[in-house]
Every structure is written in structure tokens, then in C-alpha cells.
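What you are looking at is a predicted structure, and each value in this text was computed from that prediction instead of being measured. In what follows, chains are A, B, ... by sequence order, proteins preceding strands, each numbered from 1.
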Amino acid sequence: MENAEVARVFREVAELLEVGNANPFRVRAYRNAARVLESHPRPVAELAKEGPDALDALPGFGPDLAAKAVEVVRTGTLRMLSELKRQVPEGVAGLMKVPGVGPKRARALSTALGVHDLAGLERAAREGRIREVPGFGEKSEARILRELEALPGGEARVPLATAAQYGESLLAWMTGSGAVTRAEIAGSYRRLRETVGDLDLLVTAADHGTAVERFVSFPAVEEVTARGPTRAAVRLRSGLRMDLRVLDEESFGAGLHYFTGSKPHNIAVRRLGQARGLKVSEYGVFRGRRRVGGRTEEEVFAAVGLPWIPPELREDRGEIEAASTGRLPALVEARDIRGDLQTHTVASDGRDTLRAMAEAAEALGYEYLAVTDHSPAVRVAGGMDAAGFRKQRRAVDRLNGRLRTLTVLAGAEVDIRADGSLDLDDVRVRAAVERGAKVVVSTDAHAAQELGFMRWGVGQARRGWARREDVLNTLPLDELLKRLHRAR
DNA sequence: GCCGTTTTCGGCCCGACTGTTTTCAGTCG
């Protein structure tokens with residue numbers, strides 16, 4: 001029983017409770033519990049064995065949720081869930097997949113029209129029956145139809161590195177024009193999540209209208225979906241959505257914090273503010289009507305008694321507690337990296353020669369570069385046999401004699417499974433680091449240019465709370481070699 | 001359902017937008 005499975009049961013309970021008109025805070029308790037389990041470094045099954053106290057100690061867990069988690073671990077299911085499924089008409093929760101339809105409207109539609117799935121909802125909309133339901137009108141009916149048509153395509157999240165291509169050209173587009181004085185992309189992009197749903201661009205500008213105008217004329221824009229005096233939204237030809245918000249200088253830090261999220265992190269910060277009689281919003285920190293901060297993120301955090309927290313940690317996974325007790329980790333930085341330990345050359349499926357890779361790595365200021373071409377198992381990647389590796393090793397020795405500051409290490413990428421697939425479901429840096437394991441951040445570069453992917457790897461390490469000392473390739477060469485020999 | 005340097009009961013983050021209302025509920029981020 002994995003944590004994710006228990007979390008899924010709790011999420012399903014939350015959904016059914018919500019559509020069943022339960023206390024929204026009770027619903028939130030289940031969602032929160034699911035989120036805590038998903039990001040908890042220890043297996044819930046292990047905690048369950050230790051007894052109820054271990055689970056009760058999890059944030060947001062009380063006796064009830066702890067007992068329910070134990071029940072799911074032991075029986076694979078939850079009696080409460082089966083009970084809820086009997087009470088709530090089948091399929092009603094599924095109606096909430098339509099944007100604009102929440103629990104109340106899903107229930108209203110189900111009760112009034114007897115629809116229990118999206119197909120039934122679409123039929124009712126086409127027959128003009130939705131506008132007859134109290135609280136709905138022609139516009140709601142039209143929107144539901146529109147959203148239903150857009151659903152299957154659904155804007156999927158895109159990989160961070162892909163989003164970065166748009167993000168960086170967007171920033172260049174905005175700042176290069178002189179239309180804005182300051183521009184930053186917030187959201188999960190700034191938290192360096194592996195995937196990004198949309199890009200939230202925040203700017204300050206002398207003239208708001210000019211900034212909005214510049215934004216909607218970004219070359220990759222296909223459709224302008226909203227456009228007001230201080231905000232706009234567009235969809236790019238690739239399907240990626242981008243939002244713009246024009247902020248005042250005095251509230252830029254509050255806006256940046258708010259739109260960087262994550263949502264659970266923001267909620268936790270606001271609760272801290274509330275306890276101090278402060279109101280924290282995207283416009284600033286207020287005591288009554290008086291603004292007490294918001295120009296910078298530091299001001300926002302300081303107002304609630306915290307040091308600045310790096311965006312990569314803002315997931316409400318313990319960073320608030322760590323910050324308040326002065327135990328935030330000094331996170332690894334891209335500049336701490338002294339070498340790349342997994343790369344390829346033309347000897348297998350890389351695109352540059354050993355020498356070109358070495359020179360590019362030296363130009364990046366690295367002390368070492370490990371070339372790790374494929375073993376014979378990976379035939380499609382031109383895997384080398386033992387003789388090939390011996391030959392490459394001699395080439396590495398010759399090259400090291402000529403290089404000035406870089407040392408090339410000879411290695412190999414050996415597949416674990418015959419089909420090459422990963423049998424792990426998750427990037428688990430934090431669990432590794434908490435148990436004292438060291439990690440290595442590498443790019444698997446197959447071309448000189450791809451050595452630049454290092455920053456994405458560092459981002460994932462930071463999201464796992466990795467400090468410099470947790471990452472082996474922040475070590476100077478001699479220490480790295482010592483560690484490797486010791487491990488052997 | 002959880003939680004407590006105001007509380008063991010009565011709270012629980014905040015604001016914008018939309019559409020349906022005639023002062024506001026529902027939804028979203």
C-alpha cells in the first residue's frame with residue numbers, strides 16, 4: 001500500500017463529501033491529508049505499524065484521519081467511502097470536471113435534470129434544458145457546452161524545460177521593448193516544478209496599457225482570451241496558456257509571493273498572518289487598512305515572522321516550520337556544480353566527439369566530466385562492447401594529458417532493466433537526502449549544448465531540499481575521487 | 001475534521017469574476 005493509494009482514497013472521499021454538501025472544512029481536511037501523505041518521505045504502511053500516534057503526529061491528522069489511514073492500509077479500502085458511494089448519485093462528482101461547475105452546481109444539475117455523466121450533461125445543454133434549472137441561465141448553458149467541447153483536448157502540463165523556452169523569450173520580448181520596468185514569471189515555473197500548467201507573468205510598468213499591449217502581441221500568441229487594464233490572458237499556438245498581471249511597485253513582492261504559490265503554502269502563510277492580526281493578500285500585508293509590507297517578498301515573509309523561503313520549497317511540506325525555527329537548508333546552487341557525471345559521445349548515441357564534449361565542459365568551468373556511453377544492451381543507442389570501452393579509455397587518457405583544467409572520467413551507462421524503462425514512480429530526492437544518501441546531478445547530455453540542462457537537475461535537487469553537501473558533484477575532484485573510492 | 005501565546009468550541013486564507021440576482025452564491029486561482 002503506497003502513500004499515493006491512501007491519498008487517492010482520501011481525495012475520493014473529499015470529492016464525494018463535497019458534492020454531498022458536507023462542511024467545506026471537513027472536505028479540506030481530507031484533501032490536506034491526501035497532500036501530506038503524497039509528499040511524506042516515509043511509507044504510510046510503516047507509520048501504521050508503529051501505531052496510531054505516528055500517523056496522528058502528521059500535520060492535519062487527528063485521531064479520526066489516523067484511524068482511517070490505518071484502515072486503508074490494512075483493508076485496502078474504507079468503509080466510509082463505500083457508504084458515501086451509496087449515498088451520492090453515481091457520476092455526479094464527475095460533472096465537476098467541467099470548469100465552472102463546482103459541487104453545488106453539479107448537485108443542482110444532477111437533481112434537476114437527472115444527468116449523471118458528461119454525455120448526459122451535453123445532451124441536456126443542447127436541448128436547452130440547463131437554462132431552466134434555478135440559478136442557471138443561457139450564458140451558463142452556453143459556457144457548459146463550450147467547456148465540454150474543450151475538455152478532451154484539455155491543456156496538459158508541459159515539461160519545465162519546454163515552458164522555459166517560451167518563458168525566456170517572453171521575458172526578453174517584454175523587457176527588451178522598454179514597455180515594462182520589471183518582469184518575472186511566477187507560478188510553478190518559478191518553483192521549478194517538473195511540469196508547468198501555464199505561465200504567470202508579473203510586471204511593473206510606467207504605463208499599464210502599453211505593457212498589456214506588448215504582452216498580447218507576443219509573436220507566438222494564437223488567441224487573446226482576456227484583456228483588461230491590468231491583466232490579460234492568451235493562448236499560444238502550442239496550447240500553452242499565459243497570464244499577465246501588471247502590479248504597482250509597492251505590491252510587487254506580495255504579488256510575486258502570491259502568484260508563485262503554491263496554494264497550500266500561501267494558505268499557511270496567511271494563517272500565520274492572521275494569528276498576528278495581519279491580512280496577507282496579493283496586494284500586500286495589512287494591519288487594518290494600513291500597509292505594513294509587500295514591496296518585496298522579504299517584507300511579506302518578515303511580516304509573518306519568517307526569513308525568505310526559496311520558491312522551490314514553497315509546497316507546504318514543512319518549509320514554514322523549518323523557516324520559523326531557523327532550520328531552512330542552504331540549498332545547492334547551480335554554481336556549486338563542478339562537473340557532469342553522465343554524458344554521451346558519438347561513441348554511442350551522442351552527437352559530439354569526446355574532445356568537443358571535454359572542451360565545452362572546460363568552457364563551463366567544470367573540473368571534471370564523466371563520459372558514460374551506453375553498454376551493448378542498448379543496441380538502438382549504438383551501445384559499445386568491452387573493446388570499445390577500452391579504446392575510449394585510452395582516448396580519455398590521451399585527452400587528459402592535453403586538457404588544462406578539466407579531468408575526464410571514463411564511465412558507462414548500464415541499463416538496469418532489459419526494456420530500459422524506469423520501475424520507480426517518483427524524482428524521491430528528499431527521502432534520499434533525509435536518510436543521508438548522496439545524490440549526483442547530471443544531464444545525460446548527448447550534445448555539447450545539452451550540458452546546459454544542469455540547471456533543471458539542480459532545480460529538482462533543490463525541490464528535494466538538497467544542500468550542497470548532499471550533492472556529490474559539488475565536491476572538488478580529489479574529494480570526489482576519495483568518496484568514490486570509499487564507496488567502492 | 002482539525003486545532004488552540006486570545007479559544008477544548010467556534011473558528012478555519014483572500015480576492016476577483018461571472019451570472020444570476022436585486023444583494024449575493026458559486027467558482028476559481
A.B. asks: Find the distance A:Ile130:CD1 to B:dT18:P and express it as a whole number of Å.
C.D. replies: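 Taking CD1 of A:Ile130 and P of B:dT18, I get 20 Å after rounding.
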A.B. asks: Would you mind classifying the nucleic acid contact of A:Lys263 as base, sugar-phosphate or nothing, using non-hydrogen atoms under 4.0 angstrom?
C.D. replies: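 Base, at least one base heavy atom under 4.0 Å.
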A.B. asks: Is there a side-chain contact between A:Tyr283 and the phosphate of B:dA16, meaning an N or O under 4.0 Å from OP1 or OP2?
C.D. replies: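 A:Tyr283 to B:dA16 OP1/OP2: side-chain N or O found under 4.0 Å.
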A.B. asks: Quantified in whole Å, what is the P atom distance between nucleotide B:dG4 and nucleotide B:dT8?
C.D. replies: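 That atom pair is separated by 13 Å.
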A.B. asks: Distance check, C1' atoms only: B:dT21 and B:dG10, in whole angstrom units.
C.D. replies: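 Result for the C1' pair: 31 Å, nearest Å.
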A.B. asks: Do you know which of A:Arg314, A:Glu282, A:His265, A:Glu297 makes side-chain hydrogen bond (donor to acceptor under 3.5 Å, both in side chains) with A:His257?
C.D. replies: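 Of A:Arg314, A:Glu282, A:His265, A:Glu297, side-chain hydrogen bond (donor to acceptor under 3.5 Å, both in side chains) with A:His257 is met by A:His265 alone.
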A.B. asks: When all nucleic acid strands are considered with a 4.0 Å heavy-atom cut-off, which category describes A:Arg143: base, sugar-phosphate, or nothing?
C.D. replies: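 No contact.
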A.B. asks: Over how many whole Å does the gap from A:Arg131 atom CZ to B:dT18 atom P extend?
C.D. replies: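 In whole Å, B:dT18 P and A:Arg131 CZ are 21 Å from each other.
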A.B. asks: Suppose you measure atom C1' in B:dT23 against the same atom in B:dG19; what distance do you get, rounded to whole Å?
C.D. replies: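 Between the two C1' atoms, the distance is 14 Å.
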A.B. asks: Under 4.0 Å between a Lys/Arg side-chain N and an Asp/Glu carboxylate O for A:Glu141 and A:Arg129?
C.D. replies: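 Judged by the 4.0 Å cut-off on N to carboxylate O distance, A:Glu141 and A:Arg129 do not form a salt bridge.
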A.B. asks: Can you find a side chain N or O atom of A:Ser140 that sits less than 4.0 Å from OP1 or OP2 on B:dT20?
C.D. replies: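 For B:dT20, OP1 or OP2 has a side-chain N or O of A:Ser140 closer than 4.0 Å.
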A.B. asks: Quote, to the nearest angstrom, the C1' distance that separates B:dT6 from B:dC14.
C.D. replies: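 Nearest-Å result for B:dT6 against B:dC14 at atom C1': 22 Å.
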A.B. asks: In terms of relative ring orientation, are A:Phe10 and A:Tyr30 parallel, tilted or perpendicular, with 30° and 60° separating the classes?
C.D. replies: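 A:Phe10 vs A:Tyr30 ring planes: perpendicular.
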A.B. asks: Taking for each residue the nucleotide of DNA chain B bearing the nearest heavy atom, is the 5' side occupied by A:Pro103 or by A:Pro59?
C.D. replies: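 Closest to the 5' end, via its nearest nucleotide, is A:Pro59.
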A.B. asks: Which part of the nucleic acid, if any, lies within contact of A:Val27, taking any heavy atom under 4.0 Å across all strands shown: a base, the sugar-phosphate backbone alone, or nothing?
C.D. replies: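 A:Val27: no heavy atom of the nucleic acid under 4.0 Å.
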A.B. asks: Would you tell me if any nitrogen or oxygen in the side chain of A:Gln274 comes within less than 4.0 Å of OP1 or OP2 on B:dG11?
C.D. replies: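 False: A:Gln274 side-chain N/O out of range (4.0 Å or more) of B:dG11 OP1/OP2.
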A.B. asks: Cation over ring, A:Arg105 on A:Phe136, under 6.0 Å and within 45°?
C.D. replies: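 Yes, A:Arg105 and A:Phe136 form such a contact.
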A.B. asks: What does A:Glu138 touch in the nucleic acid at a heavy-atom separation under 4.0 angstrom: a base, only the sugar-phosphate, or nothing?
C.D. replies: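 Sugar-phosphate only.
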A.B. asks: Remember a base hit wins even if backbone is also touched, and classify A:Pro63 as base, sugar-phosphate or nothing at under 4.0 Å, heavy atoms.
C.D. replies: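 Sugar-phosphate only.
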A.B. asks: When all nucleic acid strands are considered with a 4.0 Å heavy-atom cut-off, which category describes A:Leu65: base, sugar-phosphate, or nothing?
C.D. replies: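 Here A:Leu65 touches the backbone only, sparing every base.
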A.B. asks: Taking only side-chain nitrogens and oxygens of A:Tyr258, does any of them come within less than 4.0 Å of OP1 or OP2 of B:dG29?
C.D. replies: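 For A:Tyr258, the contact criterion (side-chain N or O under 4.0 Å from OP1 or OP2 of B:dG29) is not met.
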A.B. asks: Of all the choices, B:dG26, B:dG1, B:dC17, which nucleotide is nearest to the side chain of A:Phe25 once you look at every atom?
C.D. replies: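 When the side chain of A:Phe25 is considered, B:dG1 is the closest of B:dG26, B:dG1, B:dC17.
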A.B. asks: Would you mind reading off the distance between A:Arg276 atom CZ and B:dT6 atom C1', rounded to a whole angstrom?
C.D. replies: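 Nearest whole value for this atom pair: 15 Å.
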A.B. asks: Rounded to the Å, how far apart are A:Arg35 CZ and B:dC2 P?
C.D. replies: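 Rounded to the whole Å, the gap is 15 Å.
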A.B. asks: By nearest heavy atom, map A:Gly135 and A:Leu278 onto DNA chain B; which one lands nearer the 5' end?
C.D. replies: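 Nearer the 5' end of the strand: A:Leu278.
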A.B. asks: With rounding to the closest Å, how many angstrom separate the P atoms on B:dT7 and B:dC12?
C.D. replies: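 Taking atom P in both B:dT7 and B:dC12, they lie 16 Å apart.
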A.B. asks: Within this structure, what is the CZ-to-P distance between A:Phe286 and B:dG15, rounded to whole angstrom?
C.D. replies: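 My rounded result for the distance is 8 Å.
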A.B. asks: Would you measure the distance from the C1' atom in B:dC2 across to the matching atom in B:dC13 and give it in whole Å?
C.D. replies: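 Straight-line distance between the two C1' atoms is 16 Å.
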A.B. asks: Return the nearest nucleotide to the side chain of A:Glu282; candidates are B:dG15, B:dC28, B:dC13.
C.D. replies: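 Nearest to the side chain of A:Glu282 among the choices is B:dG15.
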A.B. asks: Students often get this wrong, so: under 4.0 angstrom with heavy atoms, is A:Val280 touching a base, only sugar-phosphate, or nothing?
C.D. replies: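 Contact class for A:Val280: sugar-phosphate only.
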A.B. asks: Phosphate oxygens OP1/OP2 of B:dC13: is one of them under 4.0 Å from a side-chain N or O of A:Arg270?
C.D. replies: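 Indeed not, no polar side-chain atom of A:Arg270 lies that close.
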A.B. asks: Whole-Å distance between B:dG29 C1' and A:His257 NE2?
C.D. replies: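 Distance check: A:His257 NE2 to B:dG29 C1' gives 15 Å.
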A.B. asks: Starting at NZ of A:Lys104 and ending at C1' of B:dC24, how long is that distance when rounded to a whole Å?
C.D. replies: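 For the pair A:Lys104 NZ and B:dC24 C1', the rounded distance is 14 Å.
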A.B. asks: For residues A:Ala106 and A:Val19, report the shortest heavy-atom separation together with the two atoms involved.
C.D. replies: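 Closest pair (atom of A:Ala106, atom of A:Val19, distance): CB-CG2, 4.2 Å.
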A.B. asks: Using the P atoms only, state how far B:dT22 lies from B:dG26, rounded to an integer number of Å.
C.D. replies: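 Rounded to whole Å, the distance is 15 Å.
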A.B. asks: Paired with B:dT8 by Watson-Crick or G-U wobble geometry, both distances under 3.5 Å: which nucleotide is it?
C.D. replies: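 B:dT8 is paired with nothing.
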A.B. asks: Applying the salt bridge (Lys or Arg N to Asp or Glu O under 4.0 Å) criterion to A:Arg31, which one of A:Glu12, A:Glu18, A:Glu15, A:Glu38 satisfies it?
C.D. replies: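 Considering A:Glu12, A:Glu18, A:Glu15, A:Glu38, a salt bridge (Lys or Arg N to Asp or Glu O under 4.0 Å) with A:Arg31 is found only for A:Glu18.
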A.B. asks: For the pair made of CZ in A:Phe259 and P in B:dA16, what is the distance, rounded to whole Å?
C.D. replies: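 In whole Å, B:dA16 P and A:Phe259 CZ are 10 Å from each other.
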A.B. asks: Contact between A:Asn21 and A:Arg107 at the side-chain level, heavy atoms closer than 4.5 Å - yes or no?
C.D. replies: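 The answer is yes, as the side chains (C-beta and beyond) meet within the 4.5 Å cut-off.
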A.B. asks: Given the structure, check if the side chain of A:Asn23 and the base of B:dG1 hold any donor-acceptor pair shorter than 3.5 Å.
C.D. replies: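 Yes, a donor-acceptor pair under 3.5 Å.
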A.B. asks: Does a side-chain N or O of A:Arg271 approach OP1 or OP2 of B:dG11 to a distance below 4.0 Å, or not?
C.D. replies: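 No, no such contact exists.
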